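These numbers come from the heavy atoms of this one structure, side chains and all, not from hydrogens, waters or symmetry mates. Predicted, not measured: the structure shown is a model, and the values here were computed from it.
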There are 2 protein chains.
Amino acid sequence: MDEQQLSRTFAALADPTRRDLVARLAVGDATLTELASSYDVSVQAVSKHLKVLEGAGLVRRTKDAQRRPCHLEAEVLDLMTGWIERRRREAEERYQRLDDVLARMAADEAADSDPAPRTREGEAS
Amino acid sequence: MDEQQLSRTFAALADPTRRDLVARLAVGDATLTELASSYDVSVQAVSKHLKVLEGAGLVRRTKDAQRRPCHLEAEVLDLMTGWIERRRREAEERYQRLDDVLARMAADEAADSDPAPRTREGEAS
DNA sequence: CTCTTTGTCAACCGCAAGGTTGAATAAGCG
DNA sequence: CGCTTATTCAACCTTGCGGTTGACAAAGAG
């Protein structure tokens, strides 16, 4: 059910401006106008970006008079790295399994039953 | 300059179907129809998804007769984790710095009754 | 050669993303 | 109080995404 959370977080970081905002906030909190001054888009656009980051749980906006300092909520990033590392590990395991190599050879043999030159099934020439 | 690469990779994984495809391919290579059978969308839609993943460098399609096995290129994932971990570390460092706590206190004080609101570290690094 | 399997290409649709401008709200400042 | 600053809300526009259907290419299988 945190699939949505994952989607939102990945989508949030898919935008270069938003990534830059996160990078900027990783260093220190900042307000909208402070942040917006770094980009050539309107303040409203940056506000929207921040709202997206907020929706992804990556940013929390606190209240201070009429300005609203943004704070990076870095723990959410662990959700992503968790997901990624899992796939990474699975792929690694698979790569190292002997069964896999054998299965690959069998599959090749089934595909074209000739004495094939075995490197990897990849580059067809 | 691999900003684009990052954007493409994050965007690719922002879609739940695509994430599932990656998860599926992390376990083992598969063809289009094999993969498509798991989802309730058309084969063409899945093909598009694979093309996106391919564009992000996450998948490589090899040729085998009329079918095209898909293989996960897991190293690209490291690009993301690299970026993420960097921000994570920066945020962590910042959190642990004493200066930061002091600045926070000063900022709080500034909010209440303040003569010198210039305590925030700007865009130094 | 014909038929079936596997996958791609092309055109189209609905919708949300990212951007704009313009007006509105909220809170310190003179 | 009225003005300025900081932020948001609302309407609108253009693009791209994820999906569809329909036609087409390529390569085994009969």
Next item on the list: Under 4.0 Å from any heavy atom of chain B: name the first and the last nucleotide of DNA chain D that qualifies, 5' to 3'.
Entry: dG18(D) to dG28(D)
Would you mind reporting whether [Y] and [X] have side-chain heavy atoms less than 4.5 Å apart?
| X | Y | answer |
| --- | --- | --- |
| Leu25(A) | Leu35(A) | yes |
| Leu77(A) | Leu13(A) | yes |
| Val22(A) | Trp83(B) | yes |
| Ile84(B) | Phe10(B) | yes |

Next item on the list: Could you pull out the closest heavy-atom pair between Gln5(B) and Leu79(B), with the gap in Å?
Entry: CG-CD2, 3.9 Å
Next item on the list: State, to 0.1 Å, how close His71(B) and Asp29(B) come at their nearest heavy-atom pair, and which atoms those are.
Entry: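 Looking at all heavy atoms of both residues, the shortest contact is ND1-OD1, 3.0 Å.
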Notebook entry, point to check: With distance as the sole test, does Arg68(A) use its side chain to make a donor-acceptor pair with the main-chain N or O of Gln66(A) at under 3.5 Å?
Noted result: yes
Notebook entry, point to check: Thr31(A) side chain to Pro69(A) main-chain N or O, any donor-acceptor pair under 3.5 Å?
Noted result: no
Check: Between Thr33(B) and dG7(C), does any side-chain N or O lie under 4.0 Å from OP1 or OP2?
Finding: yes
Notebook entry, point to check: Can you tell me if the side-chain N/O atoms of Arg18(A) get under 4.0 Å from OP1 or OP2 in dA17(C)?
Noted result: no
Margin query: Strictly by salt bridge (Lys or Arg N to Asp or Glu O under 4.0 Å), give each pair with a member in residues 81-92 of chain B just once, sequence neighbours left out.
Written below: Asp78(A)-Arg88(B), Arg87(B)-Glu90(B), Arg88(B)-Glu92(B), Arg89(B)-Glu93(B)
Next item on the list: Keeping to residues at least two apart or across chains, list the salt bridge (Lys or Arg N to Asp or Glu O under 4.0 Å) pairs with something in residues 4-24 of chain B.
Entry: Glu3(A)-Arg19(B)
Checklist line | side-chain hydrogen bond (donor to acceptor under 3.5 Å, both in side chains) partners of Arg60(A), counting only residues at least two apart | finding: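 side-chain hydrogen bond (donor to acceptor under 3.5 Å, both in side chains) check on Arg60(A) returns Glu73(A).
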Check: Where along residues 41-50 of chain A does a heavy atom fall under 4.0 Å from DNA chain C?
Finding: Val41(A), Ser42(A), Gln44(A), Ala45(A), Lys48(A), His49(A)
[X] [atom1] to [N] [atom2], straight-line distance once rounded to whole Å:
| X | N | atom1 | atom2 | value |
| --- | --- | --- | --- | --- |
| Arg67(B) | dT4(C) | CZ | P | 17 Å |
| Leu32(B) | dT5(C) | CG | C1' | 12 Å |
| Asp64(A) | dG28(C) | CG | C1' | 11 Å |
| Lys51(B) | dT8(C) | NZ | C1' | 7 Å |

Notebook entry, point to check: Closest nucleotide of DNA chain C for Ala65(A) versus for Gln66(B): which of these residues is on the 5' side?
Noted result: Gln66(B)
Checklist line | DNA chain D contacts among residues 52-61 of chain A, heavy-atom distance under 4.0 Å | finding: Arg61(A)
